[in-house]
Protein chains: 2
Amino acid sequence: MKSKLKKDTCEITYVDRKKVASVRKKIKPEYKIQLLSDTFKVLGDPTRVKIVFALSQEELCVCDIAKLLGTTKSAVSHQLRVLRNMRLVRYRKNGKMVYYSLDDEHIKNLFDEGLRHVEEL
Amino acid sequence: MKSKLKKDTCEITYVDRKKVASVRKKIKPEYKIQLLSDTFKVLGDPTRVKIVFALSQEELCVCDIAKLLGTTKSAVSHQLRVLRNMRLVRYRKNGKMVYYSLDDEHIKNLFDEGLRHVEEL
DNA sequence: ATATCATATGAGTAGTTACTCATATGTATC
DNA sequence: GATACATATGAGTAACTACTCATATGATAT
């Protein structure tokens, strides 16, 4: 005989209803979760990590960032747009040059915390 | 007439050779960059953020996590594997149940730092 | 204005990812 | 043993992403 369509959800009841309820009370609203994961996601790419690290040291133009990373200016420019959209970097125009720097102290903290984690592995 | 094939790299020379050299000295080795961005990337997904948050509050079984998030057990299990592979979570087996918890204090710090950043926007 | 150069951006694409669905594994209970 | 259930996992897929290439913008210099 065929087993009835198994729903891939928990059967009958919670394993520990109290714990689940307790966590549910503390869980953050969806938009914050999204914002948080978006923030981490921006740092979740090696090219952007390099850019952020570089900018945490010096204000740099697109051209020098590209030289530093050994990639194309186009690739850097695309990633800078991502960082700009997330307000992680700021820029200053001077003639045809555009100088980028980190916009946000928090991001530096977050980045450094991540670095500390990696250094201690 | 056709312009010669433009290389999308910086022409002639650095804009600021000194700054680039200074940053280059401090830049981290490739494997650390990769590890760092991988760590951020793991937290760069809303489902995993929710799981990590939940586990930062309570040790939970797969089933209860799924209930809490309102997703399938399969989806949770797949994401737990990702978290396991990155050594962010630990698990304890008890019969057919598997209880997950955060493995690493650092990750909690990193997560909290991100949360602080988001809370202050 | 014409040419040159720094940067930005759109289209296209190869690679990745997070899910669903089906199935497997492993444990407890009958 | 057989069944039931918790979890894990493989295949397949739709959505996304980071790049390349071509082109656009906008500034400086001739």
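A note on names: the letters A, B, ... follow the listed sequences, proteins ahead of strands, and every chain is numbered from 1.
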B/F53 and B/F111 aromatic ring geometry - parallel, tilted or perpendicular at 30°/60° bounds: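 The arrangement is tilted - the two ring planes meet at 30° to 60°.
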Backbone of B/L35 reached by a side-chain donor or acceptor of B/T39 within 3.5 Å: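 Side chain of B/T39 to backbone of B/L35: a pair is present.
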Backbone N/O of B/V20 and side chain of A/D64: donor-acceptor pair under 3.5 Å: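 It does not hold such a pair.
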Side-chain N or O of A/T72 closer than 4.0 Å to phosphate OP1/OP2 of D/dC19: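 No, A/T72 has no side-chain N/O under 4.0 Å of OP1/OP2 on D/dC19.
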Any A/R84 side-chain nitrogen or oxygen under 4.0 Å from OP1 or OP2 of C/dT9: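 Affirmative; the distance criterion is met.
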In whole Å, what is the span from the [atom1] atom of [X] to the [atom2] atom of [N]?
| X | N | atom1 | atom2 | value |
| --- | --- | --- | --- | --- |
| B/L80 | C/dT17 | CG | C1' | 16 Å |
| B/Y99 | D/dA8 | OH | C1' | 17 Å |
| B/K73 | C/dT20 | NZ | P | 14 Å |
| B/Q79 | D/dT7 | CD | P | 16 Å |
| A/L83 | C/dA8 | CG | P | 12 Å |
| B/D38 | D/dT17 | CG | C1' | 15 Å |
| B/D16 | C/dA6 | CG | C1' | 16 Å |
| B/R92 | D/dT7 | CZ | P | 12 Å |

B/T71/B/Q79 under side chain to side chain contact (heavy atoms under 4.5 Å, CB included): CA gap, chis, key distance, verdict: CA-CA 11 Å; B/T71 53; B/Q79 296 304 349; over 6 Å; no
Least distance between heavy atoms, B/A54 atom then B/L68 atom: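 Reported closest heavy-atom pair: CB-CD2, 3.6 Å.
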Nearest non-hydrogen partners of B/E120 and A/H106, listed with the distance: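 The answer is OE1-CE1, 2.8 Å.
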Residues B/E58, A/R24; criterion salt bridge (Lys or Arg N to Asp or Glu O under 4.0 Å); working and verdict: CA-CA 11 Å; B/E58 288 278 5; A/R24 196 187 299 276; over 6 Å; no
Contact list for DNA chain C against residues 43-59 of chain B - heavy-atom distance below 4.0 Å: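 Output list: B/D45, B/T47, B/R48.
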Sugar-phosphate, base or nothing in reach of B/Y91, heavy atoms under 4.0 Å: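 No contact.
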Side chain to side chain donor-acceptor pair (under 3.5 Å) against B/D112, all qualifying residues, sequence neighbours excluded: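 Here the qualifying residues are B/K108.
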From D/dT20, D/dA8, C/dA8, nucleotide with atom closest to B/Y100 side chain: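 Selected nucleotide: D/dA8.
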Proximal nucleotide (of C/dA6, C/dA8, D/dA6) relative to the A/M97 side chain: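 Nearest nucleotide to the side chain: C/dA6.
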Enumerate the protein-to-nucleotides 10-14 of chain C contacts in which both atoms are nitrogen or oxygen and the separation is below 3.5 Å.
unit_1 : atom_1 : unit_2 : atom_2 : d
C/dG10 : OP2    : A/R81  : NH1    : 3.4
C/dG10 : O6     : A/H78  : NE2    : 2.8

Base-contact (B) and sugar-phosphate-only (S) positions in nucleotides 25-30 of chain D, heavy-atom cut-off under 4.0 Å, - elsewhere: -BSS--
Quick one: which protein N/O atoms are closer than 3.5 Å to N/O atoms of nucleotides 12-15 of chain D? Pair and distance per line, please.
none

Any donor-acceptor N or O pair under 3.5 Å, side chains A/D38, A/Q34: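 A/D38 vs A/Q34: donor-acceptor pair found between side chains.
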Stepwise side chain to side chain contact (heavy atoms under 4.5 Å, CB included) check, B/V42 with B/I107: CA-CA 11 Å; B/V42 173; B/I107 286 304; over 6 Å; no
4.5 Å side-chain heavy-atom contact, B/S22 and B/K26: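 Answer yes - side chains close enough.
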side-chain hydrogen bond (donor to acceptor under 3.5 Å, both in side chains) pairs, two or more places apart, involving residues 87-97 of chain A: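 Output for this query lists A/E59-A/R92.
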Of A/K41 and B/K93, the one whose closest DNA chain D nucleotide lies more 5':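 With A/K41 and B/K93 compared, the 5'-side residue is B/K93.
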More than 12 heavy atoms of other groups within 6.0 Å of B/E105 CD: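 Not more than 12 within 6.0 Å, no.
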Carboxylate-amine/guanidinium contact B/R116 B/E119, below 4.0 Å: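 Answer for the salt bridge query: no.
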